[in-house]
Amino acid sequence: MIRDITIGQYYPVDSVIHRLDPRVKLMGTLIYIISLFLFKSFTGYLVALVFLGAVIKLSRVPLGYILRGLKAVIVLLFFTIGFNIFLTPGQVIWQAWVFKITREGLRSGAFMGIRLIFLIVGSSLMTFTTTPNHLTDGLERLLGPFKRLHMPVHEVSMMMSIALRFIPILLEETDKIMKAQSARGADFESGGLIKKAKSLVPLLVPLFVSAFRRANDLAMAMEARCYRGGEGRTKMKPLKYGRRDYIAYGMIALYLGALFLITRYLWK
Amino acid sequence: MGIVDTRKLVFEYIRRDEEGNVEGINRAVDEVDICVEKGEFIAVLGHNGSGKSTLAKHLNAILMPTEGTVWVGGMDTAEEENLWNIRQTAGMVFQNPDNQIIANVVEEDVGFGPENIGVPTEEIWQRVEESLKAVGMYEYRAHSPNRLSGGQKQRVAIAGIMAMKPECIVLDEPTAMLDPNGRKEVIRTIRQLNQQENVTIILITHYMEEVIHADRVIVMDGGRVVMQGTPREVFSQVELLKKYRLDVPQVTLLAYELKKKGLPIRDGILSIPEFVEEIAKL
Ligand SMILES: Nc1ncnc2c1ncn2[C@@H]1O[C@H](COP(=O)(O)OP(=O)(O)OP(=O)(O)O)[C@@H](O)[C@H]1O
Ligand SMILES: [Mg+2]
């Protein structure tokens with residue numbers, strides 16, 4: 001059940017996008033998301049679509065795989081579009097009982113839907129093409145300046161990468177405990193919400209006990225290997241910008257420029 | 001002075017109630033004196049709760065002595081400023097391979113130690129390559145640790161320690177959670193490191209078969225060192241070992257029983273070939 005979630009999982013193929021520095025991808029995604037909210041015309045969305053399509057093509061992640069990720073948020077999508085269509089005031093074009101659809105509502109509903117889809121596809125594309133390690137490394141470097149404000153940047157990224165390492169281990173353990181409890185007659189499937197929640201207790205208690213023991217062991221192992229926080233640490237795989245990354249930044253700038261010109265001056 | 005020295009080492013776990021009053025004292029290590037020379041292969045045996053792990057944690061300055069002193073590479077572990085040097089001199093491998101691998105890729109895990117002690121990037125790669133080759137895991141360098149067998153994970157953990165260039169490795173029951181094949185793999189690796197790289201090994205174990213290659217065996221019981229000597233010396237005292245609730249290897253036991261029945265077999269037979277040879281002489 002937990003394993004079926006595909007949104008935000010690394011898709012291991014080799015592509016130009018996969019090989020980009022994680023910082024480029026993080027910044028690019030952020031800029032792209034912000035850019036989606038900067039204009040209000042269909043031509044703008046066309047530019048955004050062309051850019052996204054090009055990146056998808058370059059990333060070599062199958063379109064079907066990307067769209068499958070949208071399934072997880074389809075309810076959210078419908079709600080947002082619905083609210084926009086029915087609740088925007090303006091020129092009424094259809095009415096039944098308390099529901100009315102306005103021209104403006106249709107327009108903003110469509111905009112919002114497209115924005116959300118672009119936003120989700122854009123950001124999941126980043127996680128499809130970047131390994132978790134790279135992602136945390138990139139975050140640590142990008143947020144580096146905040147260290148001076150005594151923000152625990154290194155610690156947070158270390159926590160994230162340890163969490164990533166232990167998620168599959170704990171999932172496997174959950175499975176094992178579940179089977180062991182089922183063999184003793186525990187029932188995780190039937191009954192109402194409360195009964196189901198109750199049946200989770202014999203699952204969660206041993207899981208927590210084991211997680212704490214693991215945490216304790218791991219902390220000791222890290223200390224034994226001279227871990228003492230981010231201070232004075234060197235990197236085995238330091239992030240370094242290459243030519244490819246500068247080109248990518250150039251492309252992003254080009255996208256922004258095109259977006260600006262087209263929505264401002266060409267077709268308003 | 002050897003690479004590891006303890007003098008009258010005592011460690012007490014103190015149990016306290018909610019108000020912080022002392023409820024009970026558990027003396028886990030009791031006046032232990034050991035001296036390990038550089039390049040030695042030491043095995044530590046003992047029943048559950050005999051204080052082996054507690055002793056081991058002193059050699060890496062994870063625990064500080066309640067009384068007595070521990071020197072590692074000539075440095076007193078009680079002195080704060082020696083801490084990181086000591087941890088670099090005496091590396092530690094733990095029982096559960098899953099709970100000591102930090103990174104999501106094998107090579108990055110091996111690089112974790114060198115990163116912590118500030119080794120330059122180029123040299124980290126060099127050390128990672130050397131250590132992975134030394135434990136025979138080089139071809140797995142790009143794998144996820146989750147996909148490895150227990151024995152392989154434990155060898156990665158050993159490589160992670162080797163990459164810090166320690167003079168001594170303390171292994172606390174590294175084979176306890178492994179299947180027989182994994183156990184053999186790990187023990188072979190440890191012996192190789194000892195013989196080829198001249199790393200001092202302190203191996204804590206429950207399995208008697210694993211200690212027959214050691215230079216010296218230390219037997220603990222109730223926090224004390226109760227026997228010490230070469231494997232042959234230790235295993236010829238079958239009665240004493242039984243008293244300390246240790247299982248003697250089966251051949252040794254068989255030879256012992258035969259001798260007790262009157263056959264002229266020498267003491268402390270350790271392996272099957274040796275036993276066969278001895279029987280053939282009759
Ligand atoms: N964290 C702790 N707090 C209190 N007492 C402890 C703690 N750890 C160990 N002990 C006690 O100290 C004694 C020695 O334990 P230790 O773990 O060193 O034994 P061991 O020889 O390693 O045993 P095993 O073979 O089971 O690993 C035992 O009596 C144990 O109950
Ligand atoms: Mg122990």
Distance in Å, [X] [atom1] paired with [Y] [atom2], rounded so as to fall on 0.5 Å steps:
{"X": "Leu58(A)", "Y": "Met251(A)", "atom1": "CG", "atom2": "CE", "value": "8.0 Å"}
{"X": "Asn60(B)", "Y": "Ile86(B)", "atom1": "CG", "atom2": "CD1", "value": "9.0 Å"}
{"X": "Ile162(A)", "Y": "Leu218(A)", "atom1": "CD1", "atom2": "CG", "value": "5.0 Å"}
{"X": "Met27(A)", "Y": "Arg23(A)", "atom1": "CE", "atom2": "CZ", "value": "11.0 Å"}

Is it the case that Arg183(B) places NZ or CZ above or below the six-membered ring of Tyr207(B), under 6.0 angstrom from the centre and within 45 degrees of the axis?
yes

Between Tyr246(A) and Arg243(A), is there a cation-pi geometry (under 6.0 Å to ring centre, at most 45° from the normal)?
no

Can you say whether Ile169(A) sits under 4.5 Å from chain B via the side chain, the backbone, both, or neither, judging by heavy atoms?
side chain

Would you call the rings of Tyr241(A) and Tyr249(A) parallel, tilted or perpendicular if under 30° counts as parallel and over 60° as perpendicular?
perpendicular

Checking [X] against chain A: side chain, backbone, both or neither under 4.5 Å from a heavy atom?
{"X": "Asp98(B)", "answer": "both"}
{"X": "Val93(B)", "answer": "neither"}
{"X": "Ala103(B)", "answer": "backbone"}
{"X": "Ile101(B)", "answer": "both"}

Which residues share a salt bridge (Lys or Arg N to Asp or Glu O under 4.0 Å) with Arg228(A), sequence neighbours left out
none

Taking the side chain as everything from C-beta on, heavy atoms only, tell me whether [X] gets closer than 4.5 Å to [Y].
{"X": "Met220(B)", "Y": "Leu45(B)", "value": "no"}
{"X": "Leu203(B)", "Y": "Pro174(B)", "value": "yes"}
{"X": "Leu239(A)", "Y": "His134(A)", "value": "yes"}

Sort by residue number and list every member of residues 164-172 of chain B having a non-hydrogen atom under 4.5 Å from chain A.
Met164(B)

Considering only heavy atoms, give the residues of residues 106-119 of chain B separated from chain A by less than 4.5 Å, sorted numerically, with 'none' for an empty result.
Glu107(B), Glu108(B), Asp109(B), Val110(B), Gly111(B), Phe112(B), Gly113(B), Pro114(B), Glu115(B), Asn116(B), Ile117(B), Gly118(B), Val119(B)

Quick check on the interface: out of Ala224(A), Cys226(A), Ala221(A), who has the most heavy-atom pairs with chain B under 4.5 Å?
Cys226(A)

Ion pair check, [X] and [Y], cut-off under 4.0 Å:
{"X": "Glu12(B)", "Y": "Arg27(B)", "result": "yes"}
{"X": "Arg19(A)", "Y": "Asp14(A)", "result": "yes"}
{"X": "Glu129(B)", "Y": "Arg141(B)", "result": "no"}

Among Pro120(B), Ala163(B), Gly160(B), which residue forms the greatest number of heavy-atom pairs with chain A at distances under 4.5 Å?
Gly160(B)

If you tally heavy-atom pairs under 4.5 Å between each of Val105(B), Asn104(B), Val128(B) and chain A, the highest tally belongs to Asn104(B)

Of all the residues in residues 205-213 of chain A, which have a heavy atom that comes within less than 4.5 Å of a heavy atom in chain B?
none

Enclosure of Glu231(A) CD (heavy-atom neighbours >12, cutoff 6.0 Å):
no

Exactly one of Val32(B), Ile218(B), Val70(B) clears side chain to side chain contact (heavy atoms under 4.5 Å, CB included) with Leu55(B), and that residue is Val32(B)

Kindly say whether the aromatic ring centers of Tyr138(B) and Tyr140(B) come within a distance under 6.0 Å.
no

